[in-house]
Amino acid sequence: MGSSGECRTHTSLPVTFLKSISTCPQLAPYKRHKKTNIDSEPNLIAKPLLETMEFLNHNPSLSTTLGLRTLPAGAPPVSSYAAGFLIANFVSAYLLLSSRTPKQYYGFDHNANPREDIAKYGEPLVAAGKLPRRTLERIKRLEAASANAIDHYPVFVAAVLLGAIAKVDAPKMNGLMALYTVARLGYAVAYVAIESDSTSRVRGYLFWTGNVACMGMLWLAGRKL
């Protein structure tokens, strides 16, 4: 990818979006747990993402690398971190979110046909008291999160490659790739950890944040071609 001697700041989109999650009126009842007085599920997802973006915004070197601040005149060109982001998202989708590890731990992983494990062995293990119902549901969501990440990965790869071919400015691409990665990690955590239907809506925000990041890369590439 190409580098840029000057780029526009675009902190408002990710920061404003993440703030909208943490301050969303529909999620207000969940922000504090009534019994345990700890942060509830929406804040556990939105707050770290917002704090990450604010940290990057106030760190000059990282902010410049991610295109959140203007590159000073005479500064060396910003490098592209496309390879790192591609590898990180591949590892997350295919390894970190794999359901094989928990299935192996609970003794119902079968390499001959692993995709049938949950449907075939999950309920009998719960009935026998060898696997908690809540754990089985969490493993199901983990498998679904992995499938979603794998399905979405080619879209990310296509956006990154098109940006590279079009020689989109490295800071802009770095920023959008970082936004996509943070959103996808948050999406995976939300998918696995959140159990209630109402609170799980935060997952939709994160899913579309990743989509917007990919669309942004495609749009920037299209303008260059």
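- Atom CD1 of residue Ile139 and atom NZ of residue Lys103 lie 8.5 Å apart, to the nearest 0.5 angstrom.
- Scanning all heavy atoms of the two residues, the minimum distance from Leu131 to Gly122 falls at CD2-O, 4.3 Å.
- Between Ala183 and Gly210, the shortest heavy-atom contact is CB-N, 3.8 Å.
- Clustering ILVMFWY residues whenever any of their side-chain heavy atoms sit less than 4.5 angstrom apart, transitively, puts Val212 in a cluster other than the one holding Val155.
- When side chains are defined from C-beta on, Leu176 counts as touching Leu220, because their heavy atoms get closer than 4.5 Å.
- Counting all heavy atoms, side chain and backbone alike, Val202 lies closest to Ala190 at CG1-CB, 4.3 Å.
- Put simply, the side chain of Tyr205 does not reach to within 4.5 Å of the side chain of Tyr187, judged on heavy atoms.
- Side-chain contact between Arg184 and Phe207: present, with at least one pair of heavy atoms (C-beta onward) separated by less than 4.5 Å.
- For the atom pair Tyr106 OH and Lys130 NZ, the distance stands at 14.0 Å (nearest 0.5 Å).
- Hydrophobic cluster of Leu142: the remaining members, joined at side-chain heavy-atom separations below 4.5 Å, are Leu97, Val192, listed by chain and number.
- Residue Phe108 holds its CZ atom at 13.5 Å from NZ of Lys120, rounded to the nearest 0.5 Å.
- Between the side chain of Asn148 and the backbone N or O of Ala144, no donor-acceptor pair lies under 3.5 Å.
- Hydrophobic clustering, with ILVMFWY side chains joined whenever heavy atoms are under 4.5 angstrom apart, groups Leu161 together with Met217.
- For the atom pair CG (Leu179) and SG (Cys214), the distance works out to 9.5 Å, reported to the nearest 0.5 Å.
- The minimum heavy-atom distance between Gly163 and Met173, with the atom names listed, is CA-CE, 4.0 Å.
- Tyr94 has its ring centre less than 6.0 Å from the ring centre of Phe90.
- Annotation for Arg115: atom CZ does not count as buried by contact number, only 12 or fewer foreign heavy atoms lying within 6.0 Å.
- Between Asn89 and Thr181 there is a side-chain heavy-atom pair separated by less than 4.5 Å.
- Under the 4.5 Å side-chain contact rule for hydrophobic residues, Met177 and Trp219 share a cluster.
- The side-chain heavy atoms of Leu206 and Leu185, taken from C-beta on, include no pair separated by under 4.5 Å.
- Judged purely by atom type and a 3.5 angstrom limit, Ser92 has no side-chain atom pairing as donor or acceptor with the backbone of Ala88.
- Checking side-chain atoms of Lys167 against main-chain N and O of Lys224 turns up no donor-acceptor pair under 3.5 Å.
- Ala159 and Leu218 make their closest contact through CA-CD2, 3.7 Å (heavy atoms, listed as atom of the first residue, atom of the second, distance).
- The cluster map of Ile, Leu, Val, Met, Phe, Trp and Tyr, joined by side-chain heavy atoms under 4.5 Å apart, puts Val157 and Val168 in the same cluster.
- The two residues Ser196 and Thr199 have their closest heavy-atom pair at OG-OG1, 2.7 Å.
- The OH atom of Tyr191 lies 12.0 Å from the NZ atom of Lys140; values are rounded to the nearest 0.5 Å.
- Residues Met215 and Leu162 share a single hydrophobic cluster, defined by chaining ILVMFWY side chains whose heavy atoms lie under 4.5 Å apart.
- One finds the CG atom of Asn111 at 8.5 Å from the CD atom of Gln104 (value rounded to the nearest 0.5 Å).
- Counted within 6.0 Å of CG on Asn113, heavy atoms from surrounding residues, nucleotides or ligands total more than 12; the atom is thus considered enclosed.
- A side-chain donor-acceptor contact under 3.5 Å links Tyr180 and His152.
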(message) Between Leu125 and Leu136, does the side-chain contact (heavy atoms from CB on, under 4.5 Å) criterion hold? Intermediate values first, please.
(response) CA-CA 9 Å; Leu125 286 172; Leu136 175 61; over 6 Å; no
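- Remark: Glu137 engages Arg133 in a salt bridge, criterion side-chain N to carboxylate O under 4.0 Å.
- Pairs of residues two or more places apart, or lying in two chains, that qualify as ring pair (Phe, Tyr, Trp, His ring centres under 6.0 Å) and include a residue from residues 110-146 are His110-Tyr121.
- Under the 3.5 Å distance criterion, the side-chain polar atoms of Ser200 are matched with a main-chain donor or acceptor of Asp197.
- The side-chain heavy atoms of Arg203 and Ile194, taken from C-beta on, include no pair separated by under 4.5 Å.
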